[in-house]
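These notes concern the structure reproduced below.
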Amino acid sequence: MSVRVRFAPSPTGYLHVGGLRTALYNYLFAKHHGGKCILRIEDTDRTRLVENATEMLIDSLSWAGINFDEGPVQGGDCGPYIQSQRFDLYREYCNKLIDSGAAYYAFDNAEEIDAMRDRLQKAGLNPKYDRTTMKNHYTLGEEETKKLLAENVPHVVRLKVPMEEDIRFTDIIRGDVSINGREVDDQVLLKSDGFPTYHLANVIDDYSMKITHVIRGEEWLTSTPKHVLLYDAFGWERPQFAHLPLLLNKDKSKLSKRQGDVAVEDYRAKGYFKDTIVNFVALLGWNPTADREIYTLDELISSFSLEKVNKGGAVFDIQKLEWMNAQYLKALDPDYLAQEFMPMLEEAGINGISNEYAAKCITLFKERLHFLSELIPNARFLFENPTEFEEAYLEKHWKENTMDIVMPLVNILKNEEDYSHQNLHDKTKEYVESAGLKLKDVIHPLRLMITGRSVGAGMFETMEIVGREKCIQRYDYFIEKYGK
RNA sequence: GGCGCAUUUGUCUAGUGGUUAGGACGCGGCCCUCUCAAGGCUGAAGCACGGGUUCAACUCCCGUAUGUGCUACCA
């Protein structure tokens with residue numbers, strides 16, 4: 001049977017990086033096995049609807065390069081792929097559960113449930129639904145239940161969980177897992193608004209969408225017994241389960257908004273490349289060999305296996321993420337980078353820069369940046385003549401005789417037509433040798449004149465890119481300002 | 001609290017009964033060098049603890065500790 005997996009987020013307004021990893025692992029697994037990866041939107045909680053959330057989710061996912069074979073946008077044979085549009089299906093299946101005795105009607109209101117939980121908690125007992133004392137099919141009887149239903153009294157449908165029986169299932173990542181029925185609540189399956197809860201909808205949809213492997217976060221592990229009970233009650237074959245370890249904050253708690261950025265969109269906005277994010281997140285909790293760090297999507301696909309996924313949670317280490325982005329910055333094609341860079345120029349109010357020129361600047365500077373966005377703050381002089389010069393450097397290194405040393409060179413360079421870095425280097429070297437100086441004696445003052453700064457990329461390469469005309473403007477400006 | 005799940009350097013990890021416990025980020029040093037980076041070399045840093053099983057345990061079993069998740073008519 002061919003592999004079918006799904007990513008089933010609820011539309012909360014953004015894509016969590018943990019969600020991205022879940023989606024990615026589903027995608028990698030599907031592609032590795034030549035199967036299908038499906039997107040399903042789990043919007044059964046009508047109280048938490050967020051405008052445009054689904055669009056944002058899909059946008060982030062497709063930015064990251066995760067494309068689905070079936071889903072709300074592309075459709076498919078098992079649609080619709082949005083749970084709120086599958087409303088009738090759930091009621092229908094739920095009735096089968098009631099007929100077979102696997103589920104039952106309950107009529108308690110919120111206050112009654114709260115009171116029950118209080119009572120149980122105070123008695124030191126597990127605060128789960130007490131089937132034997134509350135208002136439900138078992139305590140009310142057949143007649144009364146029918147009557148209340150006929151009167152349209154608000155009600156829910158609950159799963160009848162066996163009282164004292166181990167519920168077992170096998171997880172690909174964790175092996176055999178067993179939880180006793182006494183720990184499992186009689187979960188609400190159908191809410192009083194007629195919508196299913198996650199647990200019911202999830203099982204029915206996974207079955208009707210022919211999902212073979214359920215790959216999801218570890219937070220679902222303890223509710224898997226409920227799902228297993230449902231598959232069994234319906235007489236359906238259970239899918240294989242794989243519960244992924246959590247992504248953690250620095251303090252090891254579940255990665256959350258309060259301790260930093262969690263939305264994929266945040267990282268995108270900060271200037272991380274999609275390749276970085278995908279590569280990094282893929283290696284959190286899984287590693288093919290650990291002898292290297294950089295993998296293309298295709299390489300991830302070909303080496304992925306669920307068996308190699310770790311069991312323990314992984315801290316999301318921003319420092320390593322930054323390092324990885326720098327790796328991509330160095331490796332990515334300059335023309336592609338130039339395209340990404342153009343909007344940043346615009347935002348900085350710098351106009352009239354060609355893609356070609358931008359690409360040259362990026363090539364010059366990329367190995368000393370972590371983000372493309374750092375180029376302008378670090379090297380604005382590539383786009384505009386500097387008018388400010390580092391005061392600290394001037395005070396510390398600009399000596400009485402510095403101008404005397406540099407002026408002859410400036411005069412030589414002003415008369416040079418050839419501003420290739422090689423020629424600039426040769427001419428400077430000639431001068432330096434004839435004057436009994438070292439290259440570094442003139443390079444730093446030169447750097448200050450041309451860039452206004454004391455640090456930067458190779459000086460002659462920089463001058464070549466800035467060009468003869470602008471270099472001359474800058475010598476003159478500097479001499480006017482500081483020389484005499 | 002109960003139950004589940006986990007535990008290799010600060011962090012991400014390789015490891016699958018016998019290894020000098022390997023790699024990467026970060027940190028320190030050295031080299032390279034026109035500065036800053038990048039790069040190369042290198043150093044410090046780890047199998048949570050206690051019992052077993054075994055000729056032999058990081059690897060298997062059992063406890064303990066610690067962490068974490070769940071415990072909703074949320075997903």
Side-chain angles (χ1 to χ4, degrees), chain A residues 8-12 42-48 106 108-110 113-114 117 121 124-129 154-158 171 173-174 177-180 182-185 187-199 201-202 216-225 243 245-246 248 250-254 280 283-294 308 310-324 326-327 330 365-370 378 393 397 425 428 432 438-444 446-448 451 453-460 462:
Chain A
S10 62
T12 53
E42 310 230 330
D43 59 344
T44 53
D45 186 354
R46 308 318 282 170
T47 65
R48 295 213 290 191
D108 320 273
N109 61 36
I113 298 282
D114 287 347
R117 265 198 273 272
Q121 205 130 37
L125 297 167
N126 199 355
K128 50 177 257 190
Y129 185 77
H155 61 277
V156 300
V157 176
R158 285 180 180 272
D171 185 279
I173 295 168
R174 286 148 215 286
V177 179
S178 159
I179 297 177
N180 195 283
R182 82 176 79 89
E183 308 298 339
V184 181
D185 204 358
Q187 184 62 235
V188 169
L189 262 17
L190 209 61
K191 299 183 257 190
S192 53
D193 65 1
F195 274 87
T197 56
Y198 169 84
H199 304 91
N202 161 262
R216 74 218 317 184
E218 190 187 342
E219 66 268 30
W220 295 109
L221 191 63
T222 42
S223 49
T224 303
H243 287 93
L246 264 12
L248 273 22
K250 245 192 163 67
D251 70 357
K252 307 250 185 183
S253 57
K254 184 166 140 181
F280 183 72
L283 263 30
L284 248 30
W286 168 77
N287 206 299
T289 55
D291 58 357
R292 63 182 179 125
E293 311 293 325
I294 306 298
K308 292 203 74 167
N310 292 150
K311 303 179 216 291
V315 173
F316 193 87
D317 179 6
I318 306 269
Q319 258 188 328
K320 188 160 183 178
L321 216 212
E322 282 189 12
W323 167 81
M324 193 175 278
Q327 297 299 305
K330 275 184 287 186
F365 250 84
K366 64 184 182 180
E367 65 199 23
R368 51 209 96 207
L369 304 174
H370 286 85
N378 280 286
Y393 179 86
H397 298 289
H425 178 269
T428 303
V432 155
K438 294 225 166 81
L439 213 44
K440 61 170 122 184
D441 296 329
V442 297
I443 277 185
H444 299 301
L446 209 49
R447 182 185 301 286
L448 193 72
T451 72
R453 313 200 44 173
S454 60
V455 298
M459 197 55 232
F460 302 116
T462 302

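Keep in mind it's a predicted model, so treat the numbers as computed, not measured. Naming convention: chains lettered A, B, ... in sequence-line order (proteins, then strands); numbering from 1 in each chain.
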Inset, instruction - Could you check how far CZ of A/Arg368 sits from P of B/rG39, rounded to whole Å? - result: 12 Å

Inset, instruction - Taking the side chain as every heavy atom from C-beta outward, state whether A/Lys308 and A/Asn287 have any pair of such atoms under 4.5 Å apart. - result: no

Legend entry - Whole-angstrom distance between B/rG17 and B/rG67, as gauged at atom P: 32 Å

Legend entry - Any N/O donor-acceptor pair, A/Arg453 side-chain to B/rC36 base, under 3.5 Å: no

Legend entry - Nearest-Å distance once atom P is located in both B/rU7 and B/rG15: 13 Å

Legend entry - Within-4.5 Å side-chain heavy-atom neighbours: A/Tyr129 and A/Pro127: no

Inset, instruction - For A/Val315, answer base if it contacts any base atom (sugar-phosphate contacts may also be present), sugar-phosphate if it contacts only those atoms, and nothing otherwise; contact means non-hydrogen atoms under 4.0 Å. - result: sugar-phosphate

Inset, instruction - Could you check which of B/rA24, B/rC5, B/rC34 has an atom nearest any side-chain atom of A/Glu293? - result: B/rA24

Inset, instruction - Would you indicate, yes or no, if B/rG39 has its OP1 or OP2 atom less than 4.0 angstrom from a side-chain nitrogen or oxygen of A/Lys330? - result: yes

Legend entry - B/rG52 to B/rA45 separation - C1' atoms, rounded to the nearest Å: 31 Å

Legend entry - Any A/Gln327 side-chain nitrogen or oxygen under 4.0 Å from OP1 or OP2 of B/rG39: yes

Legend entry - Whole-Å C1' distance, B/rU8 and B/rU16: 13 Å

Legend entry - Counterpart residues, side-chain hydrogen bond (donor to acceptor under 3.5 Å, both in side chains), relative to A/Lys320 (two or more places apart): A/Glu293

Inset, instruction - Rounded to the nearest angstrom, tell me the gap between atom NE2 in A/His199 and atom P in B/rC70. - result: 11 Å

Inset, instruction - Could you please name the partner base of B/rG50, counting Watson-Crick and G-U wobble pairs only when both distances are under 3.5 Å? - result: B/rC62

Inset, instruction - Please tell me which of A/Pro288 and A/Gln319 maps to the more 5' nucleotide of RNA chain B, matching each residue to the nucleotide holding its nearest heavy atom. - result: A/Pro288

Legend entry - Contact summary for A/Ala457 and A/Arg447, nearest pair of heavy atoms: O-NH1, 2.9 Å

Inset, instruction - For A/Gly217, answer base if it contacts any base atom (sugar-phosphate contacts may also be present), sugar-phosphate if it contacts only those atoms, and nothing otherwise; contact means non-hydrogen atoms under 4.0 Å. - result: nothing

Legend entry - Any donor-acceptor N/O pair under 3.5 Å between B/rC5 base and A/Arg174 side chain: no

Inset, instruction - With C1' as the reference atom in both, quote the distance from B/rG63 to B/rU53 in angstrom, rounded to an integer. - result: 15 Å

Inset, instruction - Return no unless some side-chain N or O of A/Lys366 is found under 4.0 Å from OP1 or OP2 of B/rA37. - result: no

Inset, instruction - Select base, sugar-phosphate, or nothing to describe what A/Asp114 touches, counting heavy atoms under 4.0 Å on all strands. - result: nothing

Legend entry - Footprint string (nucleotides 42-50 of chain B, 5' to 3'): B base within contact, S backbone only, - free, heavy atoms under 4.0 Å: ---------

Inset, instruction - Find the distance A/Glu367:CD to B/rU35:P and express it as a whole number of Å. - result: 14 Å

Inset, instruction - Check whether any side-chain N or O of A/Arg117 sits under 4.0 Å from OP1 or OP2 of B/rC73, and answer yes or no. - result: yes

Inset, instruction - May I have the distance from A/Gln187 (atom CD) to B/rA72 (atom C1'), rounded to whole angstrom? - result: 7 Å

Inset, instruction - Can you tell me the distance, in whole Å, between the CZ atom of A/Phe460 and the P atom of B/rC34? - result: 10 Å

Inset, instruction - With rounding to the nearest 0.5 Å, note down the distance linking CG in A/Asn378 to OG1 in A/Thr451. - result: 11.0 Å

Legend entry - Nearest-angstrom distance, P atom, B/rU59 to B/rG1: 28 Å

Inset, instruction - Would you confirm whether A/Lys191, through its side chain, and A/Thr44, through its main-chain N or O, come within 3.5 Å as a donor-acceptor pair? - result: yes

Inset, instruction - Specify the separation, in whole Å, of atom CG of A/Asn378 and atom C1' of B/rA38. - result: 14 Å

Legend entry - Paired nucleotide for B/rC70 [Watson-Crick or G-U wobble; both distances under 3.5 Å]: B/rG2

Inset, instruction - For B/rA56 and B/rG18, measure between their C1' atoms and round to the nearest Å. - result: 6 Å

Inset, instruction - Select one nucleotide: of B/rA75, B/rC12, B/rG4, the one nearest the side-chain heavy atoms of A/Ala314. - result: B/rC12

Inset, instruction - Would you mind classifying the nucleic acid contact of A/Val188 as base, sugar-phosphate or nothing, using non-hydrogen atoms under 4.0 angstrom? - result: sugar-phosphate

Legend entry - Within-4.5 Å side-chain heavy-atom neighbours: A/His155 and A/Leu190: no

Inset, instruction - Over all heavy atoms of both residues, which pair between A/Ile294 and A/Met324 is shortest? Give the atoms and the distance, please. - result: CD1-CG, 3.9 Å

Inset, instruction - Please examine the side chains of A/Asp441 and A/Val432, heavy atoms only from C-beta on, and report whether any two atoms are closer than 4.5 Å. - result: no

Inset, instruction - Select base, sugar-phosphate, or nothing to describe what A/Gly312 touches, counting heavy atoms under 4.0 Å on all strands. - result: sugar-phosphate

Distances for protein N/O vs nucleotides 67-69 of chain B N/O pairs under 3.5 angstrom?
from   : atom 1 : to       : atom 2 : distance (Å)
B/rG69 : OP1    : A/Lys254 : N      : 3.2

Legend entry - Nucleotide nearest A/Val455 when distance is taken to its side chain, options B/rC36, B/rC34, B/rU11: B/rC36

Inset, instruction - Give one of base, sugar-phosphate or nothing for A/Ala8, where a contact means two heavy atoms less than 4.0 Å apart. - result: nothing

Legend entry - A/Trp323 side-chain proximity, nearest of B/rU13, B/rG26, B/rU35: B/rG26

Legend entry - Shortest non-hydrogen contact from A/Lys366 toward A/Lys330: NZ-O, 3.1 Å

Legend entry - Under 3.5 Å donor-acceptor, A/Asp317 side chain and A/Gln319 backbone: yes

Inset, instruction - Kindly say if A/Lys191 contacts the phosphate of B/rC74, meaning a side-chain N or O under 4.0 Å from OP1 or OP2. - result: yes

Inset, instruction - Return the nucleotide paired to B/rA44: Watson-Crick means purine N1 to pyrimidine N3 with N6-O4 or O6-N4, wobble means G-U with N1-O2 and O6-N3, both under 3.5 Å. - result: none

Inset, instruction - Starting from P on B/rC74, measure out to CG on A/Asp185 and report it in whole angstrom. - result: 13 Å

Inset, instruction - Name the nucleic acid region contacted by A/Ser454, choosing base, sugar-phosphate or nothing; use a 4.0 angstrom heavy-atom cut-off, strictly under. - result: base

Legend entry - C1' gap between B/rC58 and B/rC49, integer Å: 14 Å

Inset, instruction - Find out whether A/Phe460 and A/Ile443 are in side-chain contact, i.e. whether some heavy atom of one side chain is under 4.5 Å from a heavy atom of the other. - result: yes

Legend entry - A/Leu439 and A/His425, any side-chain heavy atoms less than 4.5 Å apart: yes

Legend entry - A/Arg182 side-chain N/O to B/rC3 phosphate OP1/OP2 under 4.0 Å: no

Inset, instruction - May I ask you to test the A/Arg216-A/His243 pair for a side-chain heavy-atom distance under 4.5 Å? - result: yes

Inset, instruction - Counting Watson-Crick and G-U wobble pairs only, both distances under 3.5 Å, name the nucleotide matched with B/rG10, or none. - result: B/rC25

Inset, instruction - Could you check whether A/Thr197 gets within reach of a base, just the sugar-phosphate, or nothing at all, counting any heavy atom under 4.0 Å? - result: sugar-phosphate

Legend entry - Upstream residue (5' side of RNA chain B) when A/Glu183 and A/Lys311 are each assigned their closest nucleotide: A/Glu183

Inset, instruction - May I ask you to evaluate whether A/Asn202 reaches the phosphate of B/rA75, defined as a side-chain N or O under 4.0 Å from OP1 or OP2? - result: no

Inset, instruction - Counting Watson-Crick and G-U wobble pairs only, both distances under 3.5 Å, name the nucleotide matched with B/rU20, or none. - result: none

Inset, instruction - Taking only the side-chain nitrogens and oxygens of A/Thr44, find out if one of them lies under 4.0 Å from OP1 or OP2 of B/rA75. - result: yes

Inset, instruction - Check whether any side-chain N or O of A/Asn310 sits under 4.0 Å from OP1 or OP2 of B/rU8, and answer yes or no. - result: no

